[in-house]
Amino acid sequence: MNTFKRDNVFCHILLISCFFLCAGFSVYAIDYDYHFTTKCLEEPLNPQYSGGIAKNPEINDGLNGWTSFGSSKIETRTSKQGNTFIVASNRTQPNHSFSQTIHVEKNTMYTISAWLQVSHGKADVVAMIRTPNGDIPTGWAIAKSGCWSMLKGGFNGNFSGHAELYFESKDISSIELWADSISIQPFTLLEWKAHQDQSIEKTRKSKVKLQVVDHEGQPIPNATIMMRQTSSSFPIGNAMSSHILTNTGYQDWYNPRFKLTVFENEMKWWVTEALPNKNDYHLADAMLQYVQNRSILLRGHNIVWENRDMLPQWAKDLPRPLLATAIERRFNSLVPRYRNKVIHWDVDNENMHFSYLESQTGENTVYYYKKAYDMDKTALLFLNEWGTIENPNDIDANPAKYLAKIEEFRTLGYNGSLGIGLQGHFDTPVIPYIRSALDILATANLPIWITELDVSSRPLQADYLRDVLGELYTHPGVQGIMFWSPWQPQGCFKMCLTDNDFNNLATGDVVDDFMRRINHQGLISNTNHDGYVETSLYHGDYEVIIKHSTIKHQSFAHKINVAKGKDSNTLMMKLSA
């Protein structure tokens, strides 16, 4: 098989016929199990990875490997169907449960799963790992009585030695914790990277088979084919500030890199209506004109915000009727103005962590989404939360709670468009937790976007950013990534990409390197004796040039699109040279 190699020289050629196949890959490690189910089942499924390093994961050997954590009583019970599980009762503290000692290796990724049930009602349950450096949460589930719910999570092995797995729930009063099919699976860093590479080949690229033929349809062997990717089907953007309007250095740095943006503050309520009943959209309008002139797509951020601190000053203490009127005015002013001009709306920002508008007006957040959808059906409407993938400690917006919020939307009658917005404001990232969180959220079958990605200033900031990008881009559920690095002369929110002279910082180099790696620029190969050449290409648009002495003018150019398809899909394009 002839394959492409990279070359810095690019000239225009023509593609005659091409076949698109789903990418295959070689397995370098134990396959990662992306599976998660939200179904509450009568009996638990088998443990992932056959339990991994967990001892007695299906509780088929009595309490072997398991001990009481705290003063709880532990025992085994058997269901009517004959399934045996472990039970913790007489709990007087949140962490009173059952536990197992495991050996942790440094520089190893761990994924955890379990099936949980409670004796009555429902409860938030978290799987915890006790280490010499403290106790760390690894994954959440909303356990119910009468059926089994799946928990999935993960943690970094940042030391070598013994650790203890246990489960915790703040719902103590007479609630028993039940568990079965418990799994702890370690992966080396090389294995984890292999999973990412496999996912890229499967979800971000396709195998492409090109054939060059002459005007009579005969294959042309030894033709030179050169390809350059002109656009990517995976959207990557960055927030911008109003300084883009006047600072040419900012423009020169930003414009070649990003074709997708969001305004840092200029569309927010406290900016556009700093004084009641006096709307001022001059900055937002000017920035909209700027991005439209450069074919940069725009996310709308945001319509309203549940955090009282983020309301206009005059709206923070409005009595209920006046606040409701002000919100109506905000919707009627903003959404029609930018309808058909934004691709997304963050509608009611951070409504899992905050509920000020809801508590003051009596309107459930679903009301705002219904209203936005009635006003603009051209944009995708997003929930937008922090902590879901960044912070395993987050009890308000962890993946299980996020799915519960989506279920609440549907239960309350919202059937319009909906996207999963994950802000991604990281400190020290927990890469296995990120992957497990995305596995869980992907079961909603909704678009997942990383909407405000940054890493706070700290040692290894650039390395952490590189690690996070690698995990987010390679997860099959993620459909777009937005950086939150709008330039401000006094400093950025958490992460700058450049200095004030627009020279890249280490984080900017990470972004540039990432964007280079997921694009093909200058691929060259020669056709075989049947006129074919095969390669694997990132999804997107390409300019293809074919050169051969038998082709009139010796070269010909053509444009193709590489998109994800099924194994049986073949796209044929035939042009006479």
Side-chain angles (χ1 to χ4, degrees), residues 6-12 204 226-264 266 283 286-299 301 341-344 449-455 462 465-466 468-470 472-473 479-489 491-493 495-523 537-545 557 559-562:
R6 295 191 179 275
D7 189 271
N8 292 327
V9 179
F10 175 77
C11 36
H12 297 281
R204 305 298 182 208
M226 292 176 282
M227 303 186 74
R228 179 176 67 89
Q229 189 170 1
T230 55
S231 67
S232 171
S233 63
F234 187 89
I236 298 172
N238 187 18
M240 66 167 56
S241 70
S242 59
H243 295 287
I244 197 81
L245 298 173
T246 56
N247 191 308
T248 56
Y250 189 11
Q251 296 171 6
D252 292 342
W253 181 87
Y254 189 102
N255 294 347
R257 286 172 170 81
F258 304 109
K259 290 299 180 183
L260 175 66
T261 196
V262 60
F263 301 160
E264 180 183 24
E266 291 77 10
L283 279 178
M287 292 173 72
L288 174 66
Q289 188 64 54
Y290 180 90
V291 300
Q292 287 181 329
N293 290 344
R294 291 157 181 82
S295 300
I296 299 173
L297 299 176
L298 176 63
R299 298 191 76 248
H301 176 78
K341 297 170 185 175
V342 300
I343 61 169
H344 300 160
W449 277 63
I450 312 304
T451 55
E452 303 180 19
L453 178 60
D454 57 21
V455 176
L465 178 62
R466 183 181 294 108
V468 169
L469 276 172
L472 296 176
Y473 174 74
Q479 295 189 13
I481 296 175
M482 295 289 300
F483 296 104
W484 196 263
S485 294
W487 177 76
Q488 293 283 356
C492 307
F493 173 64
M495 182 181 78
C496 288
L497 299 180
T498 72
D499 61 22
N500 280 355
D501 293 321
F502 300 100
N503 300 305
N504 267 10
L505 300 172
T507 49
D509 287 340
V510 167
V511 171
D512 282 354
D513 179 64
F514 168 71
M515 295 180 73
R516 278 193 298 267
R517 286 189 293 110
I518 64 170
N519 282 274
H520 292 300
Q521 298 297 325
L523 300 176
L537 297 177
Y538 288 103
H539 299 149
D541 295 319
Y542 288 81
E543 188 171 30
V544 182
I545 300 171
K559 299 184 188 304
I560 64 167
N561 174 265
V562 178

Are the side chains of T451 and V262 in touch, meaning some heavy atoms are under 4.5 Å apart?
-> no

I244 versus Q251: any side-chain heavy-atom pair under 4.5 Å?
-> yes

At what distance, to the nearest 0.5 angstrom, does CD1 of I236 lie from OH of Y473?
-> 7.0 Å

Stepwise side-chain contact (heavy atoms from CB on, under 4.5 Å) test for T507 and V455 | CA-CA 9 Å; T507 49; V455 176; over 6 Å; no

Atom CG of D509 and atom CZ of R516: how far apart are they, to the nearest 0.5 Å?
-> 7.5 Å

Is a side-chain N or O of D499 found less than 3.5 angstrom from the main chain of D501, in a donor-acceptor match?
-> yes

When every non-hydrogen atom of L497 is compared with those of N238, the smallest separation belongs to CD1-ND2, 3.9 Å

The residue among N500, N247, T498 that forms side chain to side chain donor-acceptor pair (under 3.5 Å) with W487 is N500

Spacing of R257 atom CZ and F483 atom CZ [to the nearest 0.5 Å] = 11.5 Å

Using modelled atom types only, decide if a donor and an acceptor are shared between the side chain of S233 and the backbone of H539 within a distance under 3.5 Å.
-> yes

Lys NZ or Arg CZ of R294 over Y290 ring: under 6.0 Å, within 45° | yes

Point-to-point distance, once rounded to the nearest 0.5 Å, from OG of S295 to CG of N255 = 11.0 Å

Pair L260-M482, side-chain contact (heavy atoms from CB on, under 4.5 Å): steps then yes or no = CA-CA 8 Å; L260 175 66; M482 295 289 300; 3.3 Å; yes

Over 60° means perpendicular and under 30° means parallel, so classify the ring planes of Y254 and F258, tilted if in between.
-> tilted

Could you tell me whether a side-chain N or O of E266 sits under 3.5 Å from a main-chain N or O of S242, the two making a donor and an acceptor?
-> yes

Any luck finding a side-chain donor-acceptor pair between D541 and S231 under 3.5 Å?
-> yes

Check whether any side-chain N or O of N519 sits under 3.5 Å from a backbone N or O of M515 as a donor-acceptor pair, and report yes or no.
-> yes

Between H520 and Y538, ring centroids under 6.0 Å = yes

Stepwise side-chain contact (heavy atoms from CB on, under 4.5 Å) test for K341 and L298 | CA-CA 7 Å; K341 297 170 185 175; L298 176 63; 5.9 Å; no

